[in-house]
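Values below: all heavy atoms of this structure, side chains included; hydrogens, waters and symmetry mates excluded.
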Protein chains: 2
Amino acid sequence: MSSKQKVEILNVGNELLLGIRMNTHLSYLSKQLSALGLSVKHCQIVSDEEGAIKAALAVALKRSDVIITTGGLGPTVDDLTRESVACALGRELIYCDSIYQAISDRFLKLGRKVSSIHKKQCYQIAGSTIIQNDRGTAPGIAVEVEGKQIILLPGPTHELVPMFEDKIIPLLSEKGYKNQTSAFIQLRFCGIGESVVEEKMKPIAEKYPTLEFAFCVHLGLVDVRLSSTSKKIDSKKLFEIGAFCEQTFKEDFVGFGDVSLPEVIFQKLRKSNRTLAVAESCTGGLMGNAFTDIPGVSKVFKGGVICYANEVKVLQLGVPEEIIEQHGAVSSECAIAMASGAAENLSADFGLSITGFAGPEGGNSNNPVGTIHIGLHTPLGVWAKSVRYLGGRLDVKSRAVNAALDWMRRELLIQEGRL
Amino acid sequence: MSSKQKVEILNVGNELLLGIRMNTHLSYLSKQLSALGLSVKHCQIVSDEEGAIKAALAVALKRSDVIITTGGLGPTVDDLTRESVACALGRELIYCDSIYQAISDRFLKLGRKVSSIHKKQCYQIAGSTIIQNDRGTAPGIAVEVEGKQIILLPGPTHELVPMFEDKIIPLLSEKGYKNQTSAFIQLRFCGIGESVVEEKMKPIAEKYPTLEFAFCVHLGLVDVRLSSTSKKIDSKKLFEIGAFCEQTFKEDFVGFGDVSLPEVIFQKLRKSNRTLAVAESCTGGLMGNAFTDIPGVSKVFKGGVICYANEVKVLQLGVPEEIIEQHGAVSSECAIAMASGAAENLSADFGLSITGFAGPEGGNSNNPVGTIHIGLHTPLGVWAKSVRYLGGRLDVKSRAVNAALDWMRRELLIQEGRL
């Protein structure tokens with residue numbers, strides 16, 4: 001393992017510490033860097049203050065080899081990263097006319113005039129390399145200090161992402177910051193508790209004492225990352241362990257890596273040349289959105305109906321009015337009619353439906369807030385299933401979608417004859 | 001301003017540094033703490049290693065008054081926060097049978113048996129207060145050290161959130177950690193660049209030199225937070241400045257605070273007693289989902305059709321087949337037919353539609369990947385609009401929804417006669 005591999009992320013921005021924005025940069029960059037075999041060892045998040053940025057940089061320079069900052073390169077007064085880093089390194093800021101030209105050209109194409117405010121972005125740190133920004137005004141900056149790399153990236157995601165992938169990865173690789181990735185596999189489970197997963201894995205842990213385990217639970221999924229930093233366990237052995245887990249955990253095993261539940265369903269339907277339509281009441285499009293995040297899903301996914309109002313359930317899905325009158329729109333009966341209605345009206349082989357009370361209002365004594373009914377129409381029959389979740393509206397929506405997807409995944413396994 | 005107000009967050013978890021999970025806890029806690037008048041000054045994210053957790057805690061104890069950790073309280077071997085904090089403070093871990101009882105009771109209710117693995121979670125740090133977890137097995141822990149509070153929260157969001165709101169807020173308040181909130185307002189703009197916003201605000205900045213500005217750009221929205229830490233500018237004056245901005249920026253002003261585009265549309269439709277239906281092709285439910293995140297939206301939102309396949313456009317929305325043949329499914333003509341079809345078939349006053357190529361496949365010479373057509377059906381007529389975005393599939397989807405919502409918001413302003 002090379003010693004030049006410790007990376008630290010320094011996210012700059014009051015909005016992150018005020019809770020106005022989520023720090024999506026950390027997860028994006030960490031994932032990218034992991035793929036290069038570089039590991040992010042620390043992350044600091046600091047406010048838009050010169051003192052805070054300088055202090056964080058000093059700490060980072062002591063312990064890390066590559067320091068990547070995000071944010072604070074914009075044209076407004078609260079953007080201070082460039083200035084603070086220059087000051088911390090004791091380097092001058094030099095006005096650079098070519099940056100001004102690039103900004104002017106960009107604005108000309110957009111039919112806008114450059115505002116004098118952008119002059120602030122035309123300064124580079126002495127001895128640094130300017131990194132062109134193809135999607136915005138703020139160029140990135142790379143500075144080498146005593147063999148360490150400091151890289152300043154702009155805050156907006158649509159500027160940061162292409163800059164990182166097109167410019168920074170080659171730069172890091174050129175400077176020798178690329179390691180052989182250490183062997184690891186990630187296993188994903190659903191419908192099973194974290195502690196049960198660990199207990200079932202005990203024999204593996206005992207057999208391979210150098211194997212490292214990392215557990216992560218989110219929204220009903222349990223991820224387990226198995227790695228061997230010492231490299232005593234090679235990739236081949238890791239894959240064998242993965243295959244063993246797949247057999248042991250049966251239908252609770254979802255797949256390897258970050259494979260999502262909709263992706264598993266997509267792959268299974270694609271293989272058997274079947275199609276799917278959805279009907280969503282309380283989840284309002286969240287499940288359809290999950291499927292349509294998958295590139296090429298149109299081969300399988302026909303579409304769906306967001307039947308928020310009862311009349312939409314009747315008119316677009318053909319749910320009989322009597323069912324809604326007798327059983328209510330939040331009922332297993334309605335979920336079944338919605339699932340079959342989606343499959344039939346959208347000419348799909350499978351129909352998956354969700355109806356429920358996401359809250360905070362609504363619900364009744366039989367079906368309190370958080371009650372969800374799921375309907376599944378398949379070529380072999382149609383079924384309903386009910387679940388109940390605590391939590392806020394968005395939480396209930398997410399968990400309902402997760403439950404519907406996991407149920408369909410298990411049903412497909414059964415119909416494939418694999419269980 | 002009280003001196004007892006510096007809060008530091010310490011997120012523990014390899015999954016955060018490996019990019020497997022987004023750090024949603026920071027934005028949640030920051031927002032909650034801001035509302036209490038406490039400001040998060042620093043955040044450190046560290047791996048599940050005793051050394052890393054201890055080092056981060058030592059740094060935090062030097063500069064902060066309240067330290068909140070998240071994660072690492074679970075039952076698995078990589079959960080080390082409790083143990084590391086105890087060790088760093090030189091305190092013993094004491095087995096606590098009441099915790100074991102609480103976990104057993106919880107499992108009994110769920111029809112499960114406690115696994116011996118959970119014994120790990122039954123230790124409390126000597127001299128600490130146990131904080132009951134109503135949603136999971138890991139209790140929280142509060143320790144006071146030299147007048148500073150260290151609070152350990154569990155990692156899963158659905159456990160952390162209720163524990164923070166029901167137990168930690170009262171605890172902080174009881175210990176005197178609650179400040180008068182400093183006056184601030186947040187203004188949200190759309191369809192205008194960050195630099196233009198700042199330039200238009202220059203007269204305000206000049207008139208009020210003690211006013212602090214923080215800018216944040218995300219997905220076509222520009223947020224500006226105006227605050228007065230010195231309290232030289234009071235709330236009343238801030239609201240006057242807000243009203244002045246609203247007038248100056250006209251239709252580019254979206255609203256105050258975190259108000260979302262769907263919320264603005266919801267409020268306007270609610271006021272005029274009108275209803276809305278959507279039709280989504282490439283965005284696949286994302287727009288419907290944005291509306292249905294709003295509690296009580298059913299008063300306005302009828303539902304929608306996710307018309308991913310062309311036959312669904314024809315069958316569910318009545319889009320004439322000739323339009324698809326002549327102009328293609330990705331065309332202004334199709335967007336218009338979809339919008340009117342949604343309004344008419346779902347009995348709504350307004351219909352909002354999106355069709356386009358989200359990529360990475362698809363597109364043609366007239367409509368390359370990233371081309372989006374939006375249709376808007378209103379009681380006064382129906383229009384289409386085209387936009388084009390660079391970026392990945394998910395980015396294009398989000399921007400398309402944003403563009404559709406912003407256009408409808410502006411159209412509603414015009415129809416209200418306010419422009």
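- When B:Leu33, B:Val46, B:Thr24, B:Leu29 are compared by the number of non-hydrogen pairs under 4.5 Å with chain A, B:Thr24 comes out ahead.
- Between chain B and the options A:His118, A:Glu361, A:Met287, heavy-atom pairs under 4.5 Å are most frequent for A:His118.
- With a 4.5 Å cut-off on side-chain heavy atoms, A:Pro75 and B:Glu194 count as touching.
- Of the two parts of B:Val196, only the side chain, counted from C-beta on, holds a non-hydrogen atom closer than 4.5 Å to a non-hydrogen atom of chain A.
- In terms of non-hydrogen atom pairs under 4.5 Å with chain B, the most contact-rich of A:Ile117, A:Val197, A:Val217, A:Leu18 is A:Leu18.
- The closest donor-acceptor contact from the side chain of A:Asp78 to the backbone of B:Phe215 lies under 3.5 Å.
- Two residues are said to be in side-chain contact when any heavy atoms from C-beta on lie closer than 4.5 Å; B:Cys282 and B:Ile354 meet this criterion.
- In this structure, chain B has a heavy atom under 4.5 Å from the backbone of A:Ile294, while its side chain stays farther away.
- If you measure heavy-atom distances from B:Pro156 to chain A, you find no contacts under 4.5 Å at all.
- Without hydrogens or angle criteria, B:Lys302 side chain to B:Ser347 main chain gives a donor-acceptor distance under 3.5 Å.
- Not counting sequence neighbours, the partners of A:Arg188 by the salt bridge (charged side-chain N to carboxylate O under 4.0 Å, His left out) test are A:Asp223, A:Asp258.
- Taking 4.0 Å as the cut-off between side-chain N and carboxylate O, B:Glu8 and B:Arg63 count as a salt-bridged pair.
- The greatest number of non-hydrogen atom pairs below 4.5 Å with chain A, out of B:Cys216, B:Pro360, B:Gly155, B:Gly362, is found for B:Cys216.
- Salt-bridge check for A:Arg225 with B:Glu15: failed, with every basic side-chain N at 4.0 Å or more from each acidic carboxylate O.
- Chain B forms more heavy-atom pairs under 4.5 Å with one residue of A:Gln186, A:Lys397, A:Arg399 than with any other, namely A:Lys397.
- If you measure heavy-atom distances from B:Arg21 to chain A, the contacts under 4.5 Å come from both the backbone and the side chain.
- Of the residues considered (B:His42, B:Glu199, B:Lys41, B:Gln44), B:Glu199 shows the highest number of contacts with chain A, using heavy-atom pairs under 4.5 Å.
- Residue with the most contacts toward chain B among A:Val305, A:Val312, A:Leu286: A:Leu286 (heavy-atom pairs, distance under 4.5 Å).
- With a 4.5 angstrom heavy-atom cutoff, B:Glu212 does not touch chain A via any of its atoms.
- Among A:Ala214, A:Ser47, A:Ser281, the residue with the largest count of heavy-atom pairs under 4.5 Å with chain B is A:Ala214.
- Between B:Val396 and B:Tyr389, the shortest heavy-atom contact is CG2-O, 4.0 Å.
- Listed options B:Ser298, B:Pro295, B:Gly392 were ranked by heavy-atom pairs under 4.5 angstrom with chain A; first place goes to B:Pro295.
- Note: A:Val77 leads A:Asn23, A:Val77, A:Asp395 in heavy-atom pairs under 4.5 Å with chain B.
- Atom-to-atom distance recorded for B:Phe213:CZ and A:Thr76:OG1 is 10.5 Å, nearest 0.5 angstrom.
- Highest contact tally toward chain A, considering only B:Gly193, B:Gly359, B:Gly285, B:Cys307, is held by B:Gly285 [criterion: heavy-atom pairs under 4.5 Å].
- A distance-only check finds a donor-acceptor pair linking the side chain of B:Arg106 to the backbone of B:Arg135 [under 3.5 Å].
- Heavy-atom pairs under 4.5 Å with chain A peak, among B:Gly304, B:Ala309, B:Gly288, B:Gly303, at B:Gly304.
- For a residue to count as touching a neighbouring chain, one of its non-hydrogen atoms must lie under 4.5 Å from one of that chain's; by this rule B:Thr283 touches chain A with the backbone only.
- Looking at B:Leu17, the atoms closer than 4.5 Å to chain A (heavy atoms on both sides) sit in the backbone and in the side chain alike.
- Between the side chain of B:Asn345 and the backbone N or O of B:Leu317 there is at least one donor-acceptor pair closer than 3.5 Å.
- For B:Lys313, no part sits under 4.5 Å from any heavy atom of chain A, backbone or side chain.
- Residues passing the side-chain hydrogen bond (donor to acceptor under 3.5 Å, both in side chains) test with B:Gln32, sequence neighbours excluded: B:Glu165.
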B:Asn289 and B:Phe291: CA distance, side-chain angles, deciding distance, side chain to side chain contact (heavy atoms under 4.5 Å, CB included) verdict: CA-CA 5 Å; B:Asn289 184 50; B:Phe291 280 109; over 6 Å; no
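- When heavy atoms are compared at a cutoff of 4.5 Å, B:Asn310 does not approach chain A at all.
- Although no hydrogens or angles enter the test, the distance criterion places a donor-acceptor pair under 3.5 Å between the side chain of A:Lys120 and the main chain of A:Asp79.
- With a threshold of 4.5 angstrom between heavy atoms, B:Gln316 approaches chain A through its backbone and through its side chain.
- Neither the backbone nor the side chain of B:Leu221 comes within contact range of chain A; no heavy atom of the residue lies under 4.5 Å from a heavy atom of that chain.
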